[in-house]
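Nothing here was measured: the structure is a model prediction, and the numbers come from that model. Computation of the quantities below employed the complete heavy-atom set of this structure, encompassing side-chain atoms and omitting hydrogens, waters and symmetry-equivalent molecules. A note on names: the letters A, B, ... follow the listed sequences, proteins ahead of strands, and every chain is numbered from 1.
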Amino acid sequence: MRRVLANMGLTALLILTGLASAQAEGFTVATTDGVFDSTQYQGKVIYVDFWASWCAPCRKSFPWMNEVQARYADDGLVIIAVNLDKEPALVKEFLNSTPADFLIGLDPEAELAEQFAILGMPSVRVFARDGSLQIEHVGFREKDKAAYEAGIKQLLEQP
Amino acid sequence: MMSLKTITLAACLLTSNVLAGCSVMGVQPWDRDLLAQRQMQIGEDALDLATDDHIYFSKEATSGGRGFGGGGCGCN
Amino acid sequence: MQLISDADSDRRSSGKVAGIASALAAASAQLIAAGGAQAEWDVNTSLMFYQEADGRVQDLSFKSLASTTRDNDDEITVGLQLDTLTGASPTGALARPEAQSFTRPSGRGEYTIAAGEHPQDNTFNDDRYDLSINWLRPYSQDLKLGLGASVSKEYDYLHLGLSAQAVRELNNKNTTLRLAIGLAQDENKPVGGVPRPLSEMQTTDTVLDRTSSDDKTIVDTVLGVTQVVSRRAIVQINYALSIANGYLNDPYKFLSVIDPVSGEADLSTSADRLAYVFEQRPDSRTGHNLYTEWRYRLDNSIANLSYRYHTDDWGIDSHTLEGRYRFLLDGGRYIEPHLRYYNQSEADFYAPFLANTAPLTEDASADYRLAAFTGTTIGAKYGRPVGKNGELGFRLEFYQTRGDDPDVPESLVAVNSYPDLSSVFGQVSYRFSW
């Protein structure tokens with residue numbers, strides 16, 4: 001009887017851990033030079049931005065993401081901007097006129113976008129150092145830049 | 001000549017039916033690439049339309065009813 | 001429309017309008033200047049000429065629309081339009097086998113129309129300017145509210161307008177709902193004053209039966225839905241209600257008074273010329289518009305189809321069907337042919353003439369624009385990119401109207417066909433970011 005209970009308890013614990021780690025499990029996405037695997041960035045704060053060349057607010061967010069990546073790289077911030085364009089030529093054109101000093105993911109089939117169930121463009125998902133999803137928002141607004149940065153700082157301060 | 005009551009009822013019915021239908025139509029945010037192009041947006045030719053409307057307003061007995069924006073990239 | 005003449009009485013109202021217009025212009029200039037560090041204005045400008053055959057109306061128009069999104073996401077649009085219009089327009093009187101003379105609207109002097117010629121007032125010269133501003137602010141992810149104002153002024157006409165709108169997005173921004181309401185107050189101050197409706201045209205040197213000006217108020221409401229149908233298709237449906245009250249006549253239009261059988265013209269009360277009576281329209285008009293537009297993106301082209309149905313309590317129903325097909329060429333250039341078909345029924349009170357057997361109490365207007373007719377437009381636009389963000393456009397359109405000849409007595413049929421319109425208009429437009 002005690003064994004059965006212990007088994008049930010262990011199973012329950014495993015299920016709970018499984019649920020928690022489903023988010024902490026990580027994700028992969030192709031990049032401009034290889035593959036990005038989030039499990040290789042354990043202990044870092046990962047900022048995932050979904051964008052496309054035809055999205056005007058996305059264009060406005062790039063200079064800000066460049067600033068933020070540079071400012072917090074040493075503190076452990078990794079930004080990866082996942083592109084959802086269907087035509088690679090448009091991505092090249094965009095990056096030529098709007099340079100990015102952070103990782104660029106490529107998701108033309110929108111597989112990662114669907115996995116993350118994004119609802120609008122641009123969309124942001126920020127993962128804490130333990131891999132759990134902590135921040136999500138839709139849209140990029142100039143007036144909210146300070147708030148976005150505060151959110152990132154808070155996650156960087158956590159162990 | 002429709003009474004105001006009839007008009008209001010018709011407008012409500014039209015709106016609710018249209019909205020009910022609208023909720024099953026649409027695309028995912030990442031599929032707005034073509035609609036994001038300026039040429040696909042209703043009202044992008046506002047200048048040309050204003051020119052035309054100005055001419056037709058002075059030559060014809062009816063005018064108005066035209067469009068506004070909506071659609072586009074759906075960003076922000 | 002008005003005649004070239006002295007401007008004494010206009011100085012007062014010009015002063016008031018100048019005040020409103022300069023306030024509007026100052027506000028616009030301030031907005032343009034204070035856009036914010038990253039403000040970018042999308043500006044679209046055009047020059048258009050319009051010319052009717054047979055020496056009728058000619059118009060030259062400059063138009064500019066500028067819009068921007070500020071740092072706080074407010075969307076601002078400013079519009080300016082300048083027109084200069086000259087030419088002649090049918091007055092509503094019938095052509096006769098003999099010459100006719102008419103008093104100029106100012107009451108000073110006459111003009112003569114030759115035998116068999118369609119009476120037109122041929123000394124119109126009108127300059128008009130139009131200013132508008134619109135401000136739209138987001139209040140949440142899916143709701144925007146806005147206000148707008150407009151003013152337009154021509155020599156004998158003043159328009160002031162205010163509007164408000166609400167835009168709500170649903171279904172992940174696949175559906176956009178819009179409700180707009182507008183209020184306009186227009187003042188008609190024709191040269192020579194407003195003739196009393198159905199009063200007789202006087203010869204010069206007589207005291208004219210007139211008031212100096214008259215007003216009208218218009219309330220407009222529009223309810224619209226824009227829906228994303230698929231990755232390639234978008235559709236819009238609008239319902240608009242318009243209610244106008246006040247002075248809705250055209251002060252420069254009149255009707256011939258004749259015997260409905262013989263076609264013989266009556267003499268005026270003073271018996272020194274033929275009888276003409278100024279028109280009278282109802283003092284209210286309620287109209288409904290239902291408009292729909294479809295845009296479809298094919299691989300190398302865009303199809304655009306729209307339809308508008310109009311009905312009102314003046315008995316006028318109209319259908320407008322328009323199609324544009326844009327061929328997308330390389331280098332960002334395009335060619336877009338355009339077709340428009342328009343058909344309207346006649347107004348209940350449309351009458352080619354007044355019968356001297358009928359009482360002079362009912363609404364009547366012989367304005368050819370209230371008759372039943374069909375209009376066809378065929379044209380094309382060519383566009384090409386210029387510089388980094390600019391686009392140059394060239395458009396040429398041919399517009400023709402055809403109406404049934406008015407129902408007039410036998411003796412006047414030969415000289416009274418419907419004044420079919422044949423016109424051409426061209427436009428050069430330049431769009432850029434600033």
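- With 3.5 Å as the limit, one finds no donor-acceptor pair spanning the side chains of C:Asp130 and B:His54.
- Side-chain polar atoms of C:Thr377 and B:Tyr56 form a donor-acceptor pair below 3.5 angstrom.
- Within the 4.5 Å cutoff, the side chain of C:Arg340 has no heavy atoms near those of the B:Asp52 side chain.
- Residues B:Asp48 and C:His338 are not in side-chain contact: their nearest non-hydrogen atoms beyond the backbone lie 4.5 Å or more apart.
- Under the 4.5 Å side-chain criterion, counting only non-hydrogen atoms from C-beta, C:Asn174 is in contact with B:Arg32.
- With contacts defined as side-chain heavy-atom distances shorter than 4.5 Å, the pair C:Arg431/B:Leu47 does not qualify.
- Atom OG1 of B:Thr62 and atom CG of C:Asp312 lie 8.0 Å apart (nearest 0.5 Å).
- For C:Glu322, the part sitting under 4.5 Å from any heavy atom of chain B is the side chain, from C-beta outward, and nothing else.
- Between B:Glu60 and C:His310 the shortest side-chain heavy-atom distance does not fall below 4.5 Å.
- For C:Arg369 (side chain) and B:Ser58 (main-chain N/O), a donor-acceptor pair under 3.5 Å exists by modelled atom type.
- Residues B:Thr51 and C:Tyr50 are not in side-chain contact: their nearest non-hydrogen atoms beyond the backbone lie 4.5 Å or more apart.
- Residue contact with chain C, scored on non-hydrogen atoms closer than 4.5 Å, involves the side chain of B:Gln37 exclusively.
- With rounding to the nearest 0.5 Å, the separation of CD1 in C:Ile234 from CG in B:Leu35 is 5.5 Å.
- Separation of atoms CE (B:Met40) and CZ (C:Arg297) is listed at 7.5 Å; rounding is to 0.5 Å.
- Here the CZ atom belonging to C:Arg326 is positioned 7.5 Å from the CG atom belonging to B:Asp45, to the nearest 0.5 angstrom.
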